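Residue indices begin at 1 and follow the sequence shown. These numbers come from a predicted model, not from an experiment.
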Amino acid sequence: MNEAPQPQSSLSLSLPPYRLPTLSGTALWRSPFLSQQERRALEDAVASPRPVSVHKQLVREGACADSLFLIIEGWACRYTTTTNGSRQFSALLLPGDLCNLDALLTVRPDYGVRTLTQATILALPRDRALALATQHAGITRTFTWLAFVENAILGKWAQSLGRRSAKERLAHLLCELSMRSSMADGTETSFEFPLTQEQIADALGLTAVHVNRMMHLLRAEGLVAIANRTMTLPDVARLRQIGGFDPRYLHIKRSEVEATTGVAAPQSSALRNASFSHSGE
């Protein structure tokens with residue numbers, strides 16, 4: 001007796017598994033200035049993701065940097081050290097952030113980049129990045145836009161160091177980290193928080209003892225809660241008021257948040273060809 005024919009499944013077997021782009025969710029991928037062709041060009045230029053251990057130097061102070069590094073998972077920092085060994089963070093780097101943008105045009109940075117947790121990074125060779133910026137106006141605009149945003153954040157950090165009290169500094173930093181983390185997980189009130197009190201102190205220009213005191217104060221006021229490396233902010237509005245936090249300097253737009261899912265929001269040619277003034281709107 002002849003057997004009944006079996007269903008053919010060769011079509012499904014011949015299709016490669018779906019994979020999100022490696023750059024999906026990064027600062028480069030979120031850029032409103034990139035066309036799909038330019039995103040593909042950047043994707044083709046980066047090396048494969050690689051794991052990095054905690055407290056690993058990605059860029060040493062004063063050392064040559066021949067690649068731009070992007071954080072895919074984990075946290076890192078930019079820092080400088082004084083002659084007596086004291087350390088000051090100039091940036092906290094979250095998943096999606098570009099670690100050393102100025103390596104495009106400066107060979108020896110005046111800062112170091114170090115992981116604060118286990119991390120996964122991507123490397124974009126400096127020569128490839130420069131070549132792409134020469135060939136694609138959208139990539140040039142993206143690098144400039146990212147530099148503007150970094151400068152805006154650094155300006156707020158300088159304001160905190162010079163003009164805010166310890167409590168206000170901590171409140172402002174927590175609001176900023178909450179907002180930046182929400183681009184990945186979609187919430188402002190709860191986010192991963194792997195920082196130690198010593199690391200917070202290095203970001204705020206305080207001692208670890210003072211940070212501990214301020215954290216206890218905010219906790220007693222019902223404004224923060226920490227458990228299992230997760231920070232929860234029960235009253236974001238009140239915390240923003242204390243820190244004088246206005247999120248507009250972060251230049252986070254709804255379309256950029258949507259892009260972190262890996263699906264780029266539709267963009268008009270007018271936006272892609274916009275002048276740099278659009279980045280501040």
Side-chain angles (χ1 to χ4, degrees), residues 21-34 38-39 41-47 49-50 52 56-80 88-116 119-158 176-177 179-180 183-184 203 249-253 256 259-260 276-280:
T22 304
L23 288 173
S24 177
T26 66
L28 288 178
W29 199 259
R30 289 193 300 267
S31 168
F33 299 106
L34 292 179
E38 289 165 335
R39 283 191 173 88
L42 285 168
E43 182 74 25
D44 291 340
V46 297
R50 64 182 177 92
V52 178
K56 177 73 173 180
Q57 294 281 357
L58 299 180
V59 178
R60 294 187 180 277
E61 286 183 274
C64 294
D66 56 6
S67 292
L68 279 66
F69 296 108
L70 293 107
I71 300 290
I72 302 302
E73 296 176 333
W75 287 39
C77 68
R78 280 197 293 268
Y79 70 92
T80 55
Q88 177 67 44
F89 289 176
S90 57
L92 286 169
L93 303 166
L94 278 59
D97 285 345
L98 190 55
C99 298
N100 56 329
L101 177 60
D102 51 358
L104 277 173
L105 298 175
T106 57
V107 178
R108 297 180 183 273
D110 57 359
Y111 59 81
V113 178
R114 181 184 179 94
T115 59
L116 299 175
T120 302
I121 67 167
L122 286 173
L124 174 59
R126 178 174 180 267
D127 292 344
R128 294 290 301 276
L130 286 172
L132 289 173
T134 300
Q135 298 164 7
H136 300 282
I139 293 176
T140 303
R141 289 187 174 94
T142 293
F143 287 143
T144 307
W145 170 66
L146 291 174
F148 288 165
V149 174
E150 284 188 7
N151 187 64
I153 294 174
L154 188 59
K156 292 298 183 182
W157 280 39
E176 178 187 300
L177 295 177
M179 192 74 181
R180 289 168 60 192
M183 293 164 57
Y249 73 94
L250 294 172
H251 302 282
I252 297 173
K253 301 176 183 178
E256 295 165 18
T260 63
F276 295 134
S277 62
H278 283 72
S279 66

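- Within the 4.5 Å cutoff, the side chain of Leu28 has no heavy atoms near those of the Ile139 side chain.
- Residues Arg30 and Ile252 fail the side-chain proximity criterion, which asks for heavy atoms closer than 4.5 Å.
- Side-chain N or O atoms of Thr142 include none that pairs as donor or acceptor with a backbone N or O of Phe33 at under 3.5 Å.
- Under the 4.5 Å side-chain criterion, counting only non-hydrogen atoms from C-beta, Leu42 is in contact with Leu34.
- Between the side chain of Thr106 and the main chain of Pro109, no donor-acceptor pair closer than 3.5 Å is present.
- Taking every heavy atom of both residues into account, Leu122 and Ala47 meet most closely at CD2-O, 3.2 Å.
- Judged purely by atom type and a 3.5 angstrom limit, Asn100 uses its side chain to pair as donor or acceptor with the backbone of Ser67.
- Counting only heavy atoms from C-beta outward, the side chains of Leu104 and Leu68 approach each other to under 4.5 Å.
- Remark: the backbone N or O of Trp29 is paired with a side-chain donor or acceptor of Arg39 at under 3.5 angstrom.
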Assess the residue pair Leu130 and Leu105 against the criterion (side-chain contact (heavy atoms from CB on, under 4.5 Å)); give the C-alpha distance rounded to whole Å, side-chain angles, the decisive distance to 0.1 Å, and a yes or no. CA-CA 9 Å; Leu130 286 172; Leu105 298 175; 4.2 Å; yes

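- Minimum interatomic distance between Gly112 and Glu61 (heavy atoms only, all atoms of both residues): N-CG, 3.3 Å.
- Shown here for Ala45 and Pro125, the closest heavy-atom pair between the two residues is O-CD, 3.5 Å.
- Distance CG/Leu124 to CG/Asp66: 11.0 Å, rounded to 0.5 Å.
- Among residues two or more places apart in sequence or in another chain, the side-chain contact (heavy atoms from CB on, under 4.5 Å) test is passed with Arg78 by Ser90, Ala91, Leu93, Tyr111, Val113, Glu150.
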Decide yes or no on side-chain contact (heavy atoms from CB on, under 4.5 Å) for Val107 and Arg126, but give the supporting numbers first. CA-CA 10 Å; Val107 178; Arg126 178 174 180 267; 4.2 Å; yes

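- The local environment of CZ in Arg128 is sparse, with at most 12 non-hydrogen atoms from other residues, nucleotides or ligands closer than 6.0 Å.
- Nearest heavy-atom pair across Leu101 and Ala147 is CD2-N, 3.4 Å.
- Between Phe89 and Leu116 there is a side-chain heavy-atom pair separated by less than 4.5 Å.
- You'll find the side chain of Ile71 stays beyond 4.5 Å of the side chain of Leu94, heavy atoms only.
- Distance alone, capped at 3.5 Å, places no donor-acceptor pair between the Arg141 side chain and the Pro32 backbone.
- A donor atom on one side chain and an acceptor atom on the other are found under 3.5 Å apart for Thr22 and Glu43.
- Judged purely by atom type and a 3.5 angstrom limit, Arg114 has no side-chain atom pairing as donor or acceptor with the backbone of Cys77.
- Within the 4.5 Å cutoff, no side-chain heavy atoms of Leu132 are placed close to those of Phe143.
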Given Leu177 and Trp75, is the side-chain contact (heavy atoms from CB on, under 4.5 Å) satisfied, shown in steps? CA-CA 11 Å; Leu177 295 177; Trp75 287 39; 4.3 Å; yes

Might you work through the side-chain contact (heavy atoms from CB on, under 4.5 Å) test for Thr26 and Leu98, ending with a clear yes or no? CA-CA 8 Å; Thr26 66; Leu98 190 55; over 6 Å; no

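- To the nearest 0.5 Å, atoms CG (Leu92) and CZ (Arg180) are separated by 6.5 Å.
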